[in-house]
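Every chain is numbered from 1, with letters handed out A, B, ... down the list of sequences. The shown structure was predicted, so the numbers you read here are calculated from the model rather than taken from an experiment. Values reported hereafter were calculated over all heavy atoms of this structure, with side chains retained and with hydrogens, waters and symmetry mates removed.
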Amino acid sequence: MGILEVKNVGKRFGGLQALSEVNLSVKENTVHAIIGPNGAGKSTLLNCLVGKLIPDTGSVMFDGNSVLGRSPHEINQLGISRVFQTPEIFGDLTVLENVSIACFAKRDGAYSLNAFGAVNKENDIREAAEHILDDVNMLEKSGMQASSLSRGDKRRLEMAMCLSQKPRLLLLDEPTAGMARADTNNTIDLLKTIRDRRNITMCIIEHDMHVVFSLAERITVLAQGTPLVEETPDNIKGHPKVREAYLGEAQV
Amino acid sequence: MLGLEKKDFNLLLIVAALVVLAPVLLNPFPEGSAMAQFNAGYPDLMQRFVIFGIFAIGFNILFGLTGYLSFGHAAFLGVGSYAGMWMLKLLSINVIPAIIFSMLIAGLVSLAIGYISLRRSGIYFSILTLAFAQMAFSLAASVLTPITGGETGLQTNLNDPRILPGFLGGGSSADGNIPKPSLFGIEMTATYEISVGNWLWTLNWGYAICAVVMLIAFYISIRIFRSPFGLMLRAIKSNQHRLSYTGLNTRPYMLACFVISGMYAGLAGGLMAAMDPQVGAERMQWTASGEVVLMTILGGVGTLIGPVLGAGLIKYFENIFSKINKATLEMWFSFAPDWLEGILVSIVYPFIGKGWHLTLGLMFMAVIIFLPGGLVEGGKRIGDWVRGKRGKAANDGAEVKTPAE
Ligand SMILES: Nc1ncnc2c1ncn2[C@@H]1O[C@H](COP(=O)(O)OP(=O)(O)OP(=O)(O)O)[C@@H](O)[C@H]1O
Ligand SMILES: [Mg+2]
């Protein structure tokens, strides 16, 4: 039994069957990649995992709890954090404030109406936030307004926010898109370090095959809303069905 | 100090100094001079400055931090006033129970209205709050007449019960007149006049009490702005989705913020009743809700001091600018030949007196277009400009020096 069990999930948008009969099992403390051409339904699947969408059919279990019917903040409090395909950050706030909010959510739960404390005096929150920012090489940017960051930095900030929550399952939707090569390599190194601590499960969607093959231990190929194959990276390379799905789009 | 950062503490000190010195600062012109009509340092108006300051500070906690624009805050102001009036009638003429109950009742009403309105965001939230406020206004003017006095409103009467013991302000007054709201025997209307040379300054108990309450309200709003709660509210304004996916439940935050904001409005309403014990339904009208929006935007949304400045400016216009009449204008332009005087007067006339709304509207448009951050941003820009000039002067000095070396 994996920590995440997706059974028979289907989702329809009007006339478009975005997902049909998706089955997926992700083992605890591994890195599982989901790849597939544009429009395959990868992001839609993640939306069904975090409460953004409710699937029409099927079930989603996380560590023995059903995810369906829970609201996004409840799902996050179960231990699932997500980095979105288009960065979702608090643009008006500083980088440090962005990460601090995630740290507060981890420490104080879904709400704590602490209207008389002072953010500046929460030393443990600040230390935790700065520690994570250091991990993603953004400490010197901690005073910057988040909306003024480059696209790659926004994504790294979002990753820092998710990591600071110490989630049990981290969902990454194209974490290196829009990043310069050097930053992509840094991100790969960071995620590798985290993976090798073996206390977090990661689900990663990525078009960059270099990233996928550097990190993933299992790979699911999704095409037109259905999983084609699930294999180890070595067996995926040159798999005929995968070639067919991509029609030579990427050099698998 | 008081749990504030140095910068915020200094701001609190500045506001405290302005509030304490207001009777002097607002009366800069000697009695009997031509400019004396621009003096704003009389009790009635000074009370209004700080009361509307409280109203706007509370509104800004909601609008400035979360970006949720309520168009119904006058309802809470009105509820606060009615609640305060009933306490003055039923319990005692002492203003303290009146002020406390006005906050509590406004808090309860805002809890109910907020619970429903906050199911929506953006324009739908605004419309819902507006609808509730208009409902409250209509009810107060008609169906609820037994509680609100309908169109004649609610006043204190000679035969009100006032059940608390006499030393707490209960019972009837000794002289057989309707008792005036007071604080342990000190009437809110009690006033002392100090005259220095040709200048006249008025010190008034009612103003003193409003001023103290306003400083406390301002202090609390600073604490809220700097608290983890305030940070979450700003996060709601910035990206509510991200907050949910970060594991935070936005609803209790929004509801708590809405209730706090409603209680500020109720407090302002209670003080109004305590200063002038009569209230009518028009206090809840949508124009009153719109006014506090204008005050906040004019002063600077989301800034600490902006709403207070905006409230002061609008109340000054409403009460002072509106009193300039044709005769005053003719006096101002009497230096010009008669034909020119006529032209000047007829150009300026539409903007003054009853036309003060026109001036206010133009000013509002100018602020929105050129200073989206309101008066506070204006102040900041002037500050930067002065500092820039000084910096430049220093640089120029350095440049002159270099070749001499
Ligand atoms: N909310 C929605 N309403 C209607 N259609 C949608 C919605 N979300 C996604 N779709 C459609 O569902 C299909 C799958 O979209 P999805 O975003 O999951 O693809 P993807 O695999 O993430 O692609 P990409 O690699 O481009 O990100 C697409 O055809 C998309 O247009
Ligand atoms: Mg996608």
Side-chain angles (χ1 to χ4, degrees), chain A residues 46-47 49-52 70-84 86-94 96-122 125 145-147 157-158 161-162 164-167 171, chain B residues 1-9 58 61-62 64-67 111 119 216-217 219-261 263-264 301-303 372-373:
Chain A
L46 290 203
N47 288 345
L49 305 186
V50 297
K52 189 169 181 179
R70 290 182 203 255
S71 51
H73 71 267
E74 290 170 328
I75 295 174
N76 176 281
Q77 292 285 350
L78 286 179
I80 304 181
S81 289
R82 174 177 181 186
V83 173
F84 285 81
T86 42
E88 292 272 359
I89 51 174
F90 304 111
D92 302 334
L93 308 184
T94 66
L96 184 65
E97 283 170 333
N98 268 268
V99 184
S100 301
I101 288 170
C103 295
F104 276 118
K106 174 74 185 168
R107 192 189 73 183
D108 300 341
Y111 59 91
S112 113
L113 304 180
N114 178 5
F116 259 91
V119 175
N120 285 339
K121 290 185 184 141
E122 302 275 1
I125 296 279
Q145 192 180 328
S147 62
L157 171 59
E158 201 180 355
M161 292 166 73
C162 291
S164 70
Q165 299 199 289
K166 303 201 169 58
L171 306 171
Chain B
M1 284 287 238
L2 294 172
L4 297 181
E5 297 272 289
K6 195 159 171 45
K7 205 177 93 212
D8 294 331
F9 186 71
I61 292 176
L62 179 67
L65 286 178
T66 71
L111 184 67
R119 303 193 155 262
I216 297 172
Y219 168 72
I220 292 176
S221 101
I222 300 181
R223 291 294 297 258
I224 291 176
F225 267 63
R226 302 295 181 232
S227 69
F229 176 66
L231 179 63
M232 298 311 167
L233 297 180
R234 287 192 292 139
I236 287 177
K237 181 178 185 176
S238 183
N239 188 342
Q240 191 160 351
H241 285 287
R242 189 10 112 192
L243 205 59
S244 313
Y245 293 111
T246 307
L248 286 152
N249 188 359
T250 55
R251 273 188 66 81
Y253 283 99
M254 279 310 306
L255 194 57
C257 178
F258 193 83
V259 171
I260 291 171
S261 178
M263 286 173 80
Y264 266 78
V301 183
T303 63

Report the C-alpha separation of Leu93(A) and Arg234(B) in whole Å, then their side-chain angles, then the decisive distance to 0.1 Å, and conclude whether the side chain to side chain contact (heavy atoms under 4.5 Å, CB included) test is met. CA-CA 8 Å; Leu93(A) 308 184; Arg234(B) 287 192 292 139; 3.7 Å; yes
Spacing of [atom1] belonging to [X] relative to [atom2] belonging to [Y], to within rounding of 0.5 Å:
{"X": "Ser227(B)", "Y": "Lys121(A)", "atom1": "OG", "atom2": "NZ", "value": "12.0 Å"}
{"X": "Ile236(B)", "Y": "Ile101(A)", "atom1": "CD1", "atom2": "CD1", "value": "9.5 Å"}
{"X": "Gln77(A)", "Y": "Thr246(B)", "atom1": "CD", "atom2": "OG1", "value": "10.0 Å"}
{"X": "Leu243(B)", "Y": "His73(A)", "atom1": "CG", "atom2": "NE2", "value": "10.5 Å"}
{"X": "Leu231(B)", "Y": "Glu97(A)", "atom1": "CG", "atom2": "CD", "value": "5.5 Å"}
{"X": "Asn120(A)", "Y": "Glu5(B)", "atom1": "CG", "atom2": "CD", "value": "4.0 Å"}

Give the intermediate values and the outcome of side chain to side chain contact (heavy atoms under 4.5 Å, CB included) for residues Glu158(A) and Arg242(B). CA-CA 10 Å; Glu158(A) 201 180 355; Arg242(B) 189 10 112 192; 2.5 Å; yes
Glu122(A) versus chain B, heavy atoms under 4.5 Å apart: side chain, backbone, both or neither?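 Just the side chain, heavy atoms under 4.5 Å.
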Ile89(A) versus chain B, heavy atoms under 4.5 Å apart: side chain, backbone, both or neither? backbone
Residues two or more places apart in sequence or in another chain: which of them pass ring-ring contact (aromatic ring centres under 6.0 Å, His included) with Tyr245(B)?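 Only Phe84(A) meet the ring-ring contact (aromatic ring centres under 6.0 Å, His included) criterion with Tyr245(B).
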Heavy-atom proximity to chain A below 4.5 Å, by part of Ala235(B):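 Both backbone and side chain.
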Options Ala110(A), Ala105(A), Pro72(A), Cys162(A), ranked by heavy-atom pairs under 4.5 Å with chain B, top entry: Ala110(A)
Max heavy-atom pair count under 4.5 Å with chain B, selected residue of Asn98(A), Asp92(A), Leu78(A), Ile75(A): Asp92(A)
Interface residue of largest heavy-atom contact number with chain A, from Ser238(B), Ala256(B), Gly230(B), under 4.5 Å: Ser238(B)
Which one of Ser244(B), Pro228(B), Cys257(B) has the most heavy-atom pairs closer than 4.5 Å to chain A? Pro228(B)
Looking at Lys166(A), I'd like to know if its NZ atom is crowded, meaning that more than 12 non-hydrogen atoms belonging to other residues, nucleotides or ligands lie closer than 6.0 Å. no
For residues Tyr111(A) and Thr250(B), determine if any side-chain heavy atom of one lies less than 4.5 Å from a side-chain heavy atom of the other.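 A side-chain contact is absent here, since even the closest heavy-atom pair is not under 4.5 Å.
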If I compare all heavy atoms of Leu113(A) with all of Phe229(B), which pair ends up nearest, and what's the gap?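 Nearest heavy atoms, Leu113(A) then Phe229(B): CD2-CE1, 3.9 Å.
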What's the verdict on side chain to side chain contact (heavy atoms under 4.5 Å, CB included) for Val119(A) and Arg226(B), showing C-alpha distance, side-chain angles and the deciding distance? CA-CA 6 Å; Val119(A) 175; Arg226(B) 302 295 181 232; over 6 Å; no
